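To start, the structure itself, in structure tokens.
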Number of protein chains: 2
Amino acid sequence: MARGGKKTTNTAETLPANTRALGGRAKITINDIARLANVSKKTVSRVINESPLVRQETREKVKAIIAEHGYAPDPQARALAFRRSFLVGMIYDNPSPQYVVNMQRGILDVLADTSFQLVLHPCERSEATFKQKIHTFVSQQKPLGVILPPSVSEDDTLAEMFEELGCEYVRIASVELDAPSRMVRTHDAEGAAQAARHLASLGHEKIAHIHGPKTFRSAHERMAGFKAGLKEHGLSLRKKWTVEGAYTFDSGVQCAEKLIYSDARPTAIFTGNDEMAVGAYQAVRKAGLRVPDDISVVGFDDTPMAARVWPPMTTVRLPIREMGQAAASLLLKEPVEKAGSELVSFTPEIVVRESAASPAKS
Amino acid sequence: MARGGKKTTNTAETLPANTRALGGRAKITINDIARLANVSKKTVSRVINESPLVRQETREKVKAIIAEHGYAPDPQARALAFRRSFLVGMIYDNPSPQYVVNMQRGILDVLADTSFQLVLHPCERSEATFKQKIHTFVSQQKPLGVILPPSVSEDDTLAEMFEELGCEYVRIASVELDAPSRMVRTHDAEGAAQAARHLASLGHEKIAHIHGPKTFRSAHERMAGFKAGLKEHGLSLRKKWTVEGAYTFDSGVQCAEKLIYSDARPTAIFTGNDEMAVGAYQAVRKAGLRVPDDISVVGFDDTPMAARVWPPMTTVRLPIREMGQAAASLLLKEPVEKAGSELVSFTPEIVVRESAASPAKS
DNA sequence: CTGAAAGCGCTTACAG
DNA sequence: CTGAAAGCGCTTACAG
């Protein structure tokens with residue numbers, strides 16, 4: 001048995017002092033495993049990285065010793081040698097906390113049993129240093145990949161930057177912006193069309209829409225789908241009933257108030273997301289009116305909040321957590337496996353609760 | 001000028017091929033800075049790490065060259081040499097998404113302009129592998145430190161584990177569990193007492209409390225404070241009006257229904273957190289009753305949701321984001337600086353909105 | 001105050 | 001299928 005370390009002058013007693021971690025017991029390394037298995041560290045490395053170039057027998061022997069000693073390779077050392085860390089970044093500017101937390105959960109579901117960690121990188125597209133900060137983040141941390149929910153996902157120049165930096169990415173968006181292996185697509189237009197059909201079939205004609213910011217592609221998609229749905233019923237979205245919000249609660253309140261206090265008050269409002277829908281609820285109530293008796297409200301996303309407000313909100317469900325899972329799965333798969341596979345996509349579906357009813361006869 | 005690299009046989013033209021990152025331009029390293037500044041790499045290292053053992057003149061020269069070339073040391077290489085990464089972990093089991101997202105924001109506020117990254121580590125205290133997973137996370141990733149919101153923060157054996165692993169930690173809790181340098185303390189009892197005083201002064205006598213799970217110290221603190229507040233007004237919390245929830249919306253609905261359909265219906269409910277308060281709203285409405293006309297509801301936390309429900313909720317505000325900031329600041333400060341400083345603490349304050357009113361005369 | 005040597009724990013590139 | 005050498009980009013430990 002080759003028991004000699006590289007420093008043959010060190011006795012077994014003097015070695016541990018060098019190898020003890022801060023306050024911990026001596027940490028086992030690839031060298032220990034190699035010595036115990038009577039192979040080179042390179043072979044251990046091959047086993048760790050699942051290289052096919054290892055004899056079955058050798059592989060099993062090494063694996064057994066790894067398991068026996070509970071050895072796990074050091075992520076920092078691997079990162080340095082690989083020039084790539086074991087981190088997955090989530091880069092986001094979405095203002096809805098529910099959206100953010102659900103997506104995190106989805107990603108974490110997939111990362112849970114891997115050696116990858118989720119690192120958060122919030123940002124502001126309006127900041128001048130927006131891209132530079134992301135560039136610094138990626139070139140410093142060298143994550144395996146990044147996951148981009150809207151609206152960050154919609155920025156093509158950002159995608160090019162990741163490409164140049166050799167960083168994998170998955171874009172979650174309502175438009176097919178990239179190769180299938182880099183996309184999780186949501187059919188927002190179809191979801192919005194369902195909302196339109198629902199309101200139209202309840203008998204509404206005075207229908208308003210509070211859409212998200214123009215900088216979000218989803219805002220355009222949802223509006224377009226909504227218009228298409230109305231058209232099927234011979235209706236159209238009037239300009240005076242089309243208001244731009246910011247996907248935030250406060251903007252929902254303000255936009256809904258604009259509609260409520262206009263000369264021609266609509267009987268139904270479809271909002272670009274649930275946050276704004278809850279804002280609309282607030283405005284309706286402040287005005288002494290009721291949902292849905294006086295004004296019907298339909299949201300988008302089906303965040304947990306939608307079922308918790310009163311009346312429970314009719315909204316279009318986007319499976320955000322599952323989308324996060326899908327994005328993380330795409331990132332972790334080998335390029336070979338996902339090549340040729342079709343696009344991963346999700347079609348939202350309307351969840352009918354109690355915030356939309358037939359308009360009062362007036 | 002010493003222009004020779006270590007491989008003097010390489011010409012300037014052949015070097016870049018070795019030093020190019022995946023798809024990127026040649027990356028500048030500590031060796032380049034050392035060569036350009038005409039000092040050893042060790043001296044550059046000293047400047048990076050702000051060692052006082054560098055002559056002012058030398059320091060400035062090196063700093064200028066670092067700035068000129070936009071050099072930033074490689075975090076993975078530093079982590080390997082330091083045996084400590086540039087990550088900050090947030091280890092949490094709090095079921096409230098709003099709480100989680102607000103705390104993340106607070107932490108990120110502080111980490112934003114540093115070289116530290118926030119890594120998420122959700123967990124389940126009920127799982128058998130709970131501690132083992134955290135142990136693996138910490139010993140693998142070697143974060144600079146971890147931030148522990150309740151209820152993870154309340155586990156003393158966990159704190160000991162971090163100590164043994166040589167990992168810094170900050171515990172956010174409603175009880176003084178640790179040294180001031182490792183604690184962000186919240187005076188939950190005082191906040192709950194304010195809720196009690198408020199309800200008592202409105203004239204309520206039949207007052208119920210839906211508290212959080214017994215595994216959360218905050219649940220005990222809030223209940224104790226609430227009882228103390230009631231006592232000041234000659235009131236006491238009756239056992240039949242004391243129900244244990246799980247800090248979740250659903251448990252709030254169930255517990256409130258138990259109270260509503262009991263023989264003796266209370267006129268006011270104080271819940272251990274806002275999630276459960278919103279659940280109580282739901283139960284009240286399902287029963288055909290109104291908040292606050294039939295039953296007053298007071299929450300705890302003042303998450304964004306509290307102001308968005310109808311009627312806007314009276315609740316006890318805990319500055320969660322600021323608590324996250326405080327915890328991150330504690331973690332990043334040098335041990336010397338924070339030693340001797342007093343305990344960082346936050347006292348919650350009641351926010352009076354519209355969900356609590358005087359009970360109807362019956 | 002400064003530097004040359006050795007090392008952190010892995011992988012790449014090369015050779016057999 | 002396997003291994004010895006060199007290297008990833010930093011810091012520690014030691015010497016001056």
Side-chain angles (χ1 to χ4, degrees), chain A residues 2 5-7 9-10 15 17-22 26-35 37-62 66 71-86 115 139-140 142, chain B residues 2 5-7 10 15 17-22 26-35 37-62 66 71-86 115 139-142:
Chain A
K6 77 175 65 172
K7 290 186 171 180
T9 53
N10 271 318
L15 273 171
N18 289 330
T19 50
R20 272 177 201 283
L22 299 175
K27 198 176 146 192
I28 186 162
T29 74
I30 196 172
N31 290 310
D32 301 314
I33 301 296
R35 180 167 39 75
N38 233 320
V39 296
S40 74
K41 63 205 272 192
K42 179 61 223 177
T43 296
V44 179
S45 173
R46 285 195 182 94
V47 172
I48 293 168
N49 293 296
E50 304 197 312
S51 157
L53 302 177
V54 181
R55 204 160 37 124
Q56 186 62 21
E57 196 192 337
T58 313
R59 179 190 311 284
E60 277 163 13
K61 180 173 65 179
V62 173
I66 286 175
Y71 165 72
D74 183 297
Q76 276 78 36
R78 297 183 84 193
L80 180 58
F82 269 139
R83 296 152 187 81
R84 191 135 302 293
S85 72
F86 288 81
S115 50
S139 49
Q140 286 276 300
K142 305 174 203 71
Chain B
K6 77 177 68 174
K7 291 185 174 183
N10 271 318
L15 273 172
N18 289 330
T19 50
R20 270 176 201 286
L22 299 175
K27 198 176 143 193
I28 186 163
T29 73
I30 197 173
N31 290 309
D32 300 316
I33 300 297
R35 182 166 38 75
N38 232 321
V39 296
S40 74
K41 63 205 272 195
K42 180 60 225 179
T43 295
V44 179
S45 173
R46 286 197 180 91
V47 172
I48 293 168
N49 293 296
E50 304 197 311
S51 158
L53 302 177
V54 181
R55 206 163 33 129
Q56 186 62 21
E57 195 192 337
T58 313
R59 179 191 311 283
E60 277 162 14
K61 181 173 65 179
V62 173
I66 286 175
Y71 165 72
D74 182 296
Q76 275 78 37
R78 297 183 84 192
L80 181 58
F82 268 139
R83 295 152 188 83
R84 193 134 302 290
S85 72
F86 289 81
S115 51
S139 49
Q140 287 276 300
Q141 300 301 325
K142 305 174 203 71

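Computation of the quantities below employed the complete heavy-atom set of this structure, encompassing side-chain atoms and omitting hydrogens, waters and symmetry-equivalent molecules. Everything quoted here is computed from the prediction, not taken from an experiment. Chain identifiers are assigned alphabetically (A, B, ...) following the order of the sequence lines, protein sequences preceding nucleic acid strands; residue numbering begins at 1 within each chain.
If you measure from atom NZ of B/Lys41 to atom C1' of C/dA4, you get 10 Å, rounded to the nearest angstrom. The CG-P distance, from A/Asn31 to C/dT11, rounds to 11 Å in whole Å. Between B/Lys142 atom NZ and D/dT11 atom P the separation is 16 Å, expressed in whole Å. Counting to the nearest Å, the C1' atom of D/dT11 and the CD1 atom of B/Ile30 are 8 Å from each other. We find that CG of A/Asp74 is positioned 18 Å from P of C/dG7, with the value rounded to whole Å. Spacing between atom NZ of B/Lys42 and atom P of C/dG3 amounts to 11 Å, rounded to whole angstrom units. In this structure, CZ of B/Arg55 is placed 10 Å from P of C/dG3, rounded to the nearest angstrom. Atoms CG (A/Asn38) and P (D/dT2) sit 12 Å apart, rounded to a whole Å.
B/Tyr71 is linked by a ring-ring contact (aromatic ring centres under 6.0 Å, His included) to nothing, counting only residues two or more places apart in sequence or in another chain. Looking at residues two or more places apart in sequence or on another chain, you find no side chain to side chain contact (heavy atoms under 4.5 Å, CB included) involving B/Glu50. The side chain to side chain contact (heavy atoms under 4.5 Å, CB included) search around A/Ser51 returns A/Arg46, A/Leu53, not counting sequence neighbours. For the side-chain hydrogen bond (donor to acceptor under 3.5 Å, both in side chains) test, residues two or more places apart in sequence or in another chain that qualify with A/Arg55 are A/Glu57. With sequence neighbours left out, the side chain to side chain contact (heavy atoms under 4.5 Å, CB included) criterion links B/Ala81 to no other residue. In this view, A/Ser40 and A/Thr43 satisfy the side-chain hydrogen bond (donor to acceptor under 3.5 Å, both in side chains) rule, not counting sequence neighbours. With sequence neighbours left out, A/Ala77 forms a side chain to side chain contact (heavy atoms under 4.5 Å, CB included) with A/Asp74, B/Leu80.
Closest approach of A/Ile30 and A/Ser45 over heavy atoms only: CD1-N, 3.9 Å.
Residue B/Arg78 places at least one side-chain N or O closer than 4.0 Å to OP1 or OP2 of D/dT11. Between D/dG9 and B/Tyr71, no contact under 4.0 Å exists linking OP1 or OP2 to a side-chain N or O. Side-chain N/O atoms of B/Thr58 include none lying less than 4.0 angstrom from OP1 or OP2 on C/dC1.
Within residues 43-53 of chain A, the residues having any heavy atom under 4.0 Å from DNA chain C are, by residue number, A/Ser45, A/Asn49.
Note that the CD atom of B/Gln76 and the OG atom of B/Ser85 stand 9.0 Å from one another [nearest 0.5 Å].
Between B/Gln56 and A/Gln76, the one whose closest nucleotide on DNA chain C sits nearer the 5' end is B/Gln56.
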Exercise for review: Would you sketch DNA chain D in dot-bracket for me? Only Watson-Crick or G-U wobble pairs with both distances under 3.5 Å count, crossing pairs as [ ], other-strand pairs as |, the rest as dots.
Suggested key: |||.||||||||.|||

